[in-house]
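Read through the structure below, which is laid out as structure tokens, and then see the notes.
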Amino acid sequence: MPRREASDAPKATPKVAAGEVYSTLRDSIVASEIAPGTRMNIDAIARDLGVSQTPVREALQRLEGDNLVVYSPGRGYSTTPLLGLPELRSLFEFRLLVEPWAARSAAVDRLANPNAVLDRELESFERRVDEGGDLRQDLVAHDTRFHDTILRAAGNRVVQQAFVQTHCHLHIFRLYPADVDGTVTVAEHRRVWDAIRNCEPAAAEQAMADHIRNSFTRFAQAFDDTLPALDPASTTPASAMRIIR
């Protein structure tokens, strides 16, 4: 985690400072600059970032809500382990249940169609890709916004909240940068966006399902073990999810 000189300490309100500390720690954890299982020393973090202990404690509580740190009595906070093989598969099976349905729902509703928001998001990230440099955090943020936009457009707040609580983007990107320059992800996102824009529910559902399976295959490469691809027959068809809208 980069050290901030005392003279560079931010002149900010406690809430702003806590937000900055949260973002800094979250990015360091996702990028594995802070290794899994590392004890988070509040005193040391406050000194390194040039802030008081209060915003550090607030940031750690938020990170606990993200499941990026865990609190143990007598030990304090430490970073959580990486996803294992069973957890990775379970997470993507859940995504395969929910997200193709959400893409189909978004494509059906012409009035609430999110294609304009998705288009702006894609164009913004593509400009960042053209600039070059380390895109890891930008890709995490883009992926989160893209998928969350589609979930919101589906109109089921219970499903959306369940998805948000998985914090899936933060955890899968901790494994390793599966798509270093973001081009593969953008190409798959554009296929989903194109089907939603054209109000083609079946195509949107299929494009999202393909994207989820491809993502699983990419991130599964973080493990030495050979994982079988996600089997469509092992999950409830997306069409069955439509009853919960």
Heavy-atom distance under 4.5 Å between the side chains of [X] and [Y], does that happen here?
X: F216; Y: I172; result: no
X: E20; Y: V51; result: no
X: L151; Y: V98; result: yes
X: D210; Y: E188; result: no

If you measure from [atom1] on [X] to [atom2] on [Y], what distance do you get to the nearest 0.5 Å?
X: L25; Y: R62; atom1: CG; atom2: CZ; answer: 11.0 Å
X: S90; Y: L83; atom1: OG; atom2: CG; answer: 10.0 Å
X: T144; Y: H167; atom1: OG1; atom2: NE2; answer: 11.0 Å
X: L135; Y: T185; atom1: CG; atom2: OG1; answer: 10.5 Å
X: H147; Y: L118; atom1: NE2; atom2: CG; answer: 10.0 Å
X: N198; Y: N115; atom1: CG; atom2: CG; answer: 8.5 Å

Considering non-hydrogen atoms only, spot the tightest contact between [X] and [Y] and give its length.
X: L175; Y: A222; result: CB-CB, 4.0 Å
X: V108; Y: P201; result: CG2-CG, 3.4 Å
X: P36; Y: P81; result: CB-CA, 4.0 Å
X: P114; Y: A153; result: CG-CB, 3.6 Å
X: R39; Y: S78; result: CA-CB, 3.9 Å
X: V192; Y: A103; result: CG1-CB, 4.5 Å

Side chains of T54 and R57 only: does a donor on one sit below 3.5 Å from an acceptor on the other?
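Absent: no donor and acceptor within the cut-off.
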
Classify the side-chain pair Q160/N156 by whether it contains a donor and acceptor separated by less than 3.5 Å.
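Judged by distance alone, the side chains do not pair up.
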
Would [X] end up clustered with [Y] when hydrophobic side chains under 4.5 Å apart are linked, directly or stepwise?
X: F173; Y: F223; result: yes
X: V117; Y: I196; result: no
X: L82; Y: V30; result: yes
X: L170; Y: L60; result: yes
X: F125; Y: V184; result: no

Side-chain donor/acceptor of [X] to backbone N/O of [Y], under 3.5 Å:
X: S105; Y: W101; value: yes
X: S28; Y: E33; value: no
X: T166; Y: A162; value: no
X: T79; Y: A35; value: yes
X: E58; Y: A18; value: no

Ring-plane angle category for H189 and H211, please: parallel below 30°, perpendicular beyond 60°, tilted otherwise.
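Plane angle over 60°, so perpendicular.
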
Test: [X] and [Y] ion pair at under 4.0 Å:
X: E93; Y: R89; value: yes
X: D194; Y: R197; value: yes
X: E131; Y: R128; value: yes

Please enumerate all residues that pass side-chain hydrogen bond (donor to acceptor under 3.5 Å, both in side chains) together with E126, with sequence neighbours excluded.
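Result, side-chain hydrogen bond (donor to acceptor under 3.5 Å, both in side chains) vs E126: R190.
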
Provide the full list of salt bridge (Lys or Arg N to Asp or Glu O under 4.0 Å) pairs with a residue in residues 147-176, sequence neighbours left out, each pair given once.
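For residues 147-176: none.
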
Does R95 make a cation-pi contact with F92, if we ask for NZ or CZ under 6.0 Å from the ring centre and within 45° of the axis?
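Flagged: R95 positioned over aromatic ring of F92.
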
Using a 3.5 Å cut-off and no angle test, enumerate the donor-acceptor pairs between side-chain atoms of residues 63-72 and protein atoms at least two apart in sequence or in another chain.
from, atom 1, to, atom 2, distance (Å)
D66, OD2, Y22, OH, 2.5

